[in-house]
Amino acid sequence: MSQARTNAFYAQSGGVTAVINASACGVIETARKHPDRIGTVYAGRNGILGALAEDLIDTSLESAEAISALRSTPSGAFGSCRYKLKSLEKNRREYERLIEVFKAHGIGYFFYNGGGDSADTCFKVSQLSQSMGYPLQAIHVPKTIDNDLPITDCCPGFGSVAKYVALSTLEASLDVRSMAATSTKVFVIEVMGRHAGWIAAAGGLVEEHGIPVVILFPEIEFDQAKFLARVDAMVKQHGYCSVVVSEGCHHPDGTFLAEQGTRDAFGHAQLGGAAPVVANMIKTALGHKFHWAVADYLQRAARHVASATDVKQAYELGARAVELALEGRNSVMPTIDRISDVPYEYRIGVATLDTVANVEKMMPRDFISEDGFGITDKCRRYLAPLIEGEDYPAYRNGLPVYVTLKNEAVARKLPAFASA
């Protein structure tokens with residue numbers, strides 16, 4: 001691609017995290033350091049939908065202070081979406097629309113910040129732009145709390161969620177320990193992770209504090225008899241037990257635990273996740289009083305306890321994405337390449353999107369204990385540096401100071417577009 005000055009497009013995709021805005025900060029601040037090569041950075045309002053609808057945000061209207069504040073602000077500053085573009089063969093018009101919008105606004109750089117589906121979209125856009133002869137460099141900025149992108153050692157967003165889950169499991173377990181003699185004996189916390197158990201694994205870090213914990217991974221088929229025996233043994237030995245269950249924990253036939261559900265007095269299925277199913281299972285079989293919680297949005301929005309490692313890496317990957325574009329790279333993703341566990345060292349690498357798109361990284365079996373209910377020392381060595389350090393936001397009147405951008409739209413130049 002020529003060295004001419006061109007505009008850039010940035011969008012956030014999928015479930016947001018405590019640090020995705022740090023990546024946005026990295027992209028925008030780095031782009032602003034190269035005014036001779038990059039003109040305006042446009043952001044898509046609500047992710048890729050903003051590009052399809054030509055609903056672009058002019059980030060140049062935001063002050064340097066506001067952009068800097070993104071680094072310590074959770075969630076998605078420009079809005080995100082769960083919208084997966086279909087294949088080129090099934091819906092070519094959407095991809096062609098993206099190119100039309102980019103062409104209309106002089107966009108030559110495409111930075112898409114998301115997980116596996118986003119990597120796939122980014123890859124397809126790069127392919128189509130080449131086939132259409134439009135000069136566009138598509139760079140994927142990794143993000144997913146599920147930590148399931150391949151090639152990269154870890155994904156921005158995961159470290160902070162892991163820290164939150166470990167902290168919450170520890171603190172709630174201490175509460176249960178205090179009450180176990182006369183009240184609650186089992187605490188169940190449900191965490192995200194439909195197919196990969198990385199987040200659930202973080203709950204195992206509390207074992208170093210003497211907390212008895214049982215983990216249910218999506219990678220391990222659920223065996224009810226073995227699980228109940230394990231919980232019962234824990235309670236008999238310690239007086240209490242905590243259970244960390246991944247939302248994707250499933251029976252041997254593939255059905256999720258959450259699909260079993262509980263029923264009310266009328267026999268109607270009650271809505272709920274895996275946590276209440278597991279908790280009621282324990283109550284019915286073992287008679288132990290319980291409490292349960294679902295971390296849900298809390299785990300991925302908790303910027304106030306974000307991992308310093310996670311924040312740093314999120315920013316660095318956003319910045320490196322811009323540098324890769326300026327180096328002439330296309331259809332790639334910056335990665336975290338671990339050099340050592342102790343001391344923790346890593347470098348920023350790069351992967352081609354054809355090796356990233358549509359590939360899901362599960363927990364290695366040697367990260368999970370032999371009985372399937374805990375983590376190994378190898379897993380602890382992997383997790384420990386990712387939750388290390390604190391990067392507290394500024395506080396005012398007892399609450400964190402988070403930024404809300406102006407998000408002023410750019411005038412449209414094309415006819416309205418209706419998605420199929």
Side-chain angles (χ1 to χ4, degrees), residues 12-26 69-80 82 113-115 142-148 154-175 187-194 196-206 209 211 213 215 242 244-247 273-275 291-315 317-318 383-404:
Q12 299 171 325
S13 176
V16 294
T17 79
V19 301
I20 190 173
N21 284 337
S23 290
C25 180
L70 286 177
R71 183 171 176 138
S72 59
T73 297
S75 195
F78 307 106
S80 185
R82 293 195 182 279
N113 200 173
K143 170 245 53 162
T144 172
I145 63 168
D146 292 330
N147 200 40
D148 58 359
C154 59
C155 302
F158 169 68
S160 295
V161 168
K163 189 179 185 78
Y164 177 88
V165 168
L167 282 169
S168 298
T169 303
L170 174 60
E171 292 172 344
S173 296
L174 294 176
D175 189 308
F187 173 70
V188 181
I189 180 171
E190 177 181 336
V191 300
M192 290 178 173
R194 180 166 287 264
W198 296 100
I199 299 174
L205 293 172
V206 304
H209 295 263
I211 303 297
V213 61
I215 306 173
S242 287
V244 181
V245 55
S246 174
E247 64 181 352
H291 275 272
W292 61 266
V294 180
D296 200 51
Y297 276 16
L298 298 175
Q299 64 200 303
R300 74 185 201 198
R303 181 58 184 82
H304 64 291
V305 290
S307 152
T309 298
D310 196 24
V311 175
K312 181 174 182 288
Q313 291 179 343
Y315 183 92
L317 290 173
L383 292 171
L386 303 185
I387 70 169
E388 187 66 36
E390 290 69 52
D391 189 310
Y392 298 121
Y395 276 74
R396 184 174 60 239
N397 298 328
L399 292 176
V401 179
Y402 296 142
V403 68
T404 297

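When a residue number appears, it is its place in the shown sequence, counting from 1.
Put simply, CG on Leu70 and CZ on Phe78 are 5.5 Å apart, with the number rounded to the nearest 0.5 Å. Gln313 contributes atom CD, which lies 4.0 Å from atom SG of Cys154 (distance to the nearest 0.5 angstrom). Ile189 contributes atom CD1, which lies 8.5 Å from atom OG of Ser173 (distance to the nearest 0.5 angstrom). Here CZ of Arg303 is found 10.5 Å from OH of Tyr392. Values are rounded to the nearest 0.5 Å. The line from CD1 of Ile215 to CD1 of Ile199 is 12.5 Å long, rounded to the nearest 0.5 Å. Taking OG of Ser246 as the start and CH2 of Trp198 as the end, the distance is 13.0 Å to the nearest 0.5 Å.
When each of Asn113, Asn21, Thr17 is tested with Gln12 by the rule side-chain hydrogen bond (donor to acceptor under 3.5 Å, both in side chains), just one qualifies, namely Asn21.
Side-chain atoms of Lys143 come within 3.5 Å of backbone atoms of Ser13 as a donor-acceptor pair (strictly under, hydrogens ignored). With hydrogens and angles ignored, the 3.5 Å screen pairs a side-chain donor or acceptor of Glu247 with a backbone N or O of Gly193. Here the side chain of Ser80 pairs no donor or acceptor atom with the backbone of Gly15 at under 3.5 angstrom. In this structure, Lys312 contributes its side chain and Ser307 its backbone to no donor-acceptor pair below 3.5 Å. The closest donor-acceptor contact from the side chain of Thr309 to the backbone of Ile387 lies at 3.5 Å or more, if one exists at all.
Residue His304 comes nearest to Pro393 through the heavy atom pair CA-CD, 4.1 Å, listed as atom of the first residue, atom of the second, then distance. Residues Pro156 and Leu317 approach most closely at CG-CD1, 3.4 Å, considering heavy atoms. Contact detail for Ala196 and Asp146: the closest heavy-atom pair is CB-O, 4.3 Å. Closest heavy-atom contact between Ser75 and Ile20: O-CG2, 3.2 Å. Nearest heavy-atom pair across Val244 and Val213 is CG2-CG2, 3.9 Å. In terms of heavy-atom proximity, Ala172 sits nearest to Phe187 at CB-CE2, 3.4 Å.
Leu205 has its side chain within reach of Leu383: a pair of non-hydrogen atoms, C-beta onward, lies under 4.5 Å apart. Under the 4.5 Å side-chain criterion, counting only non-hydrogen atoms from C-beta, Val311 is in contact with Arg71.
Side chains of Ser160 and Asp310: a donor-acceptor N/O pair is present below 3.5 angstrom, by distance only.
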Validation: residues 294-302 side-chain donor-acceptor distances under 3.5 Å, sequence neighbours left out:
| from | atom 1 | to | atom 2 | distance (Å) |
| --- | --- | --- | --- | --- |
| Gln299 | OE1 | Met192 | N | 3.3 |
| Gln299 | NE2 | Asp296 | O | 2.9 |
| Arg300 | NE | Val16 | O | 3.4 |

